Visitor: 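Following this message is one structure expressed as structure tokens.
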Amino acid sequence: MVIRMWKTRKVPGNPLVSMVVASYLREDERRWSSLMCLVWSLMAQTYQNWEVVIVHDGRLPPDEATRRKIERLENISLSKVRFLETPERRAKFGHPWREYGIKQAKGKYICLSNDDNLYIPVYLESLLAELVNGKNQFAYCDMIHSHQQWRFFSTQHRKSKLDLGAWIADGDLLTSTPWTDFSFSGDGTFIEALVKKAKGVVKVPSCLFVHN
């Protein structure tokens, strides 16, 4: 049970939101800890109708230690996490497999993330309230950015001004928008394509996302 110590916003209809997470757990043992922190930050959300689709880039070693880590991840999340491994490793900034994860998502609303980010407890309800209560298909927020020495970063809905993990979009909008740029700047290209197609775009003027 999440204890609410602050004013919260109602989200009519309690729609499911899916978070698709690109993961690179073979790169560094510490990424397991980062992924656990991400999941714990979602467990602490005031809005609890969510699922996480983790898409790992390539196969993990089929050993006992890896199996126990995956089981622990699934257990702490009360079965809200699905862990998928891709048939091959592509390492193109996660983009090819994000599309794969989006196709597996069940939520009416979808957001994306990498495996080392954190979310403030009211992140989901704050952005979802703007999508459900208003006539918007894309909602985003301000953030703390590690590349800026952990300073506040005022976001804008355009390339290089909004991180992949700081927004939620209508599922139909997201699934109908192809990923055309597989370069380093692909995140920004995709965000601009979403915003161009969206019937409504809104910014929540709060710092609710921590980029690691």
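What you see is a predicted model; the values in this text were computed from it and never measured. Only this structure's heavy atoms are used, side chains among them; waters, hydrogens and symmetry mates stay out. The first residue of the sequence shown is numbered 1, and numbering continues consecutively from there.
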Visitor: Is there a side-chain contact between W150 and H145, using heavy atoms and a 4.5 Å cut-off?
Guide: no
Visitor: Do E71 and R68 sit within salt-bridge range, that is, some charged N less than 4.0 Å from a carboxylate O?
Guide: no
Visitor: So, for I191 and L162, which heavy atoms are closest and what is the spacing to 0.1 Å?
Guide: CD1-O, 3.3 Å
Visitor: What are the two closest heavy atoms between V122 and S126, and how far apart are they?
Guide: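 Shortest heavy-atom separation between V122 and S126 comes out as O-OG, 2.7 Å.
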Visitor: Does F184 have any ring pair (Phe, Tyr, Trp, His ring centres under 6.0 Å) partners at least two apart in sequence or in another chain, and if so, which?
Guide: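 Ring pair (Phe, Tyr, Trp, His ring centres under 6.0 Å) list for F184, sorted by chain: F93.
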Visitor: Looking at N136 and F138, would you say the former's side chain and the latter's main chain have a donor-acceptor pair under 3.5 Å?
Guide: no
Visitor: Could you tell me the separation between the CZ atom of F83 and the CG atom of L35, rounded to the nearest 0.5 Å?
Guide: 7.5 Å
Visitor: Using the side-chain contact (heavy atoms from CB on, under 4.5 Å) criterion, which residues pair with N14? Sequence neighbours excluded.
Guide: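 N14: side-chain contact (heavy atoms from CB on, under 4.5 Å) contacts with Y47, N49.
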Visitor: Are D142 and F152 packed together at the side-chain level, in the sense that at least one heavy-atom pair is separated by less than 4.5 angstrom?
Guide: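 The answer is yes; the side chains approach within 4.5 Å.
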Visitor: Under 3.5 Å, side chain of E99 to main-chain N/O of W179, donor-acceptor pair present?
Guide: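 Looks like yes, one N/O pair under 3.5 Å.
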Visitor: Pairs of donor and acceptor atoms involving the side chains of residues 205-212, under 3.5 Å and at least two apart or interchain, shall be tabulated with distances.
Guide:
unit_1: H211; atom_1: ND1; unit_2: S146; atom_2: OG; d: 2.9
unit_1: H211; atom_1: NE2; unit_2: D163; atom_2: OD1; d: 3.4
unit_1: N212; atom_1: ND2; unit_2: D116; atom_2: O; d: 2.7

Visitor: Do L124 and I168 have side chains that get closer than 4.5 Å, going by heavy atoms?
Guide: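 Side chain of L124 against side chain of I168, heavy atoms only: contact under 4.5 Å found.
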Visitor: Between H157 and Y140, is the ring centroid distance below 6.0 Å?
Guide: yes
Visitor: Can you tell me how far the OG1 atom of T66 sits from the CD atom of E85, to the nearest 0.5 Å?
Guide: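 Separation between the atoms: 8.5 Å.
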Visitor: Whether the side chain of Q45 engages the backbone of S41 through a donor-acceptor N/O pair (distance < 3.5 Å, no angle test) should be reported.
Guide: yes
Visitor: Evaluate the side-chain contact (heavy atoms from CB on, under 4.5 Å) criterion for residues L128 and E130: first the C-alpha distance (whole Å), next the side-chain angles of each, then the deciding distance (0.1 Å), finally the verdict.
Guide: CA-CA 5 Å; L128 284 173; E130 293 292 344; over 6 Å; no
Visitor: According to a 4.5 Å side-chain heavy-atom criterion applied to Ile, Leu, Val, Met, Phe, Trp and Tyr, with indirect links allowed, do M36 and V81 form part of one hydrophobic cluster?
Guide: yes
Visitor: Identify whether L16 and L127 are in the same connected component of the hydrophobic contact network (ILVMFWY, side-chain heavy atoms under 4.5 Å).
Guide: no
Visitor: Do Y123 and P121 come within less than 4.5 Å of each other through their side chains, counting heavy atoms only?
Guide: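 In short, these two side chains do not touch, never coming nearer than 4.5 Å.
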Visitor: So, E51 side chain and V17 main chain: donor-acceptor pair closer than 3.5 Å or not?
Guide: no
Visitor: Measure the shortest side-chain to side-chain distance between K80 and Q48 over non-hydrogen atoms and say whether it is less than 4.5 angstrom.
Guide: yes
Visitor: Could you grab the distance from atom OH of Y24 to atom NE2 of H56, nearest 0.5 Å is fine?
Guide: 9.5 Å
Visitor: I'd like to know whether W50 forms a side-chain contact (heavy atoms from CB on, under 4.5 Å) with M19, so could you lay out the CA-CA distance, the side-chain angles of the two residues, the decisive distance to 0.1 Å, and finally the verdict.
Guide: CA-CA 8 Å; W50 53 264; M19 178 175 287; over 6 Å; no
Visitor: Taking distance alone, no hydrogens or angles, what donor-acceptor pairs closer than 3.5 Å link side-chain atoms of residues 106-114 to residues at least two apart or in another chain?
Guide:
unit_1: S113; atom_1: OG; unit_2: N117; atom_2: ND2; d: 3.0
unit_1: S113; atom_1: OG; unit_2: Y119; atom_2: OH; d: 3.3
unit_1: N114; atom_1: OD1; unit_2: R98; atom_2: NH2; d: 2.5

Visitor: State whether a side-chain donor-acceptor pair under 3.5 Å links K103 with T175.
Guide: no
Visitor: Hydrophobic clusters here meaning ILVMFWY residues chained together by side-chain heavy-atom distances under 4.5 Å, can you tell me if I70 and M43 are in one?
Guide: yes
Visitor: Could you go step by step and tell me if T155 and K203 meet the side-chain contact (heavy atoms from CB on, under 4.5 Å) rule?
Guide: CA-CA 9 Å; T155 59; K203 179 177 180 177; 3.6 Å; yes
Visitor: What heavy-atom pair brings G58 and T86 nearest, and what distance separates the two atoms?
Guide: N-OG1, 2.6 Å
Visitor: On a heavy-atom basis, which atom in V55 and which in G101 lie closest, and how many Å separate them?
Guide: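 Scanning both residues completely, I find the closest heavy atoms to be CG2-CA, 3.7 Å.
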Visitor: Quick one: list whatever passes side-chain contact (heavy atoms from CB on, under 4.5 Å) with K197, sequence neighbours left out.
Guide: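 If we apply the side-chain contact (heavy atoms from CB on, under 4.5 Å) test to K197, skipping adjacent residues, the hits are L173, S176, T177.
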Visitor: Do any N or O atoms from the side chain of R82 and from the backbone of Q104 form a donor-acceptor pair under 3.5 angstrom?
Guide: yes
Visitor: Could you walk me through whether V39 and L42 pass the side-chain contact (heavy atoms from CB on, under 4.5 Å) test, one step at a time?
Guide: CA-CA 5 Å; V39 173; L42 294 174; 5.5 Å; no
Visitor: Quick one: side-chain contact (heavy atoms from CB on, under 4.5 Å) partners of K69, sequence neighbours excluded?
Guide: E29, W32
Visitor: Is the shortest side-chain N to carboxylate O distance from K196 to E192 below 4.0 Å?
Guide: no
Visitor: Can a donor-acceptor pair be found, under 3.5 Å and without considering hydrogens, that links the side chain of S23 to the backbone of I54?
Guide: no
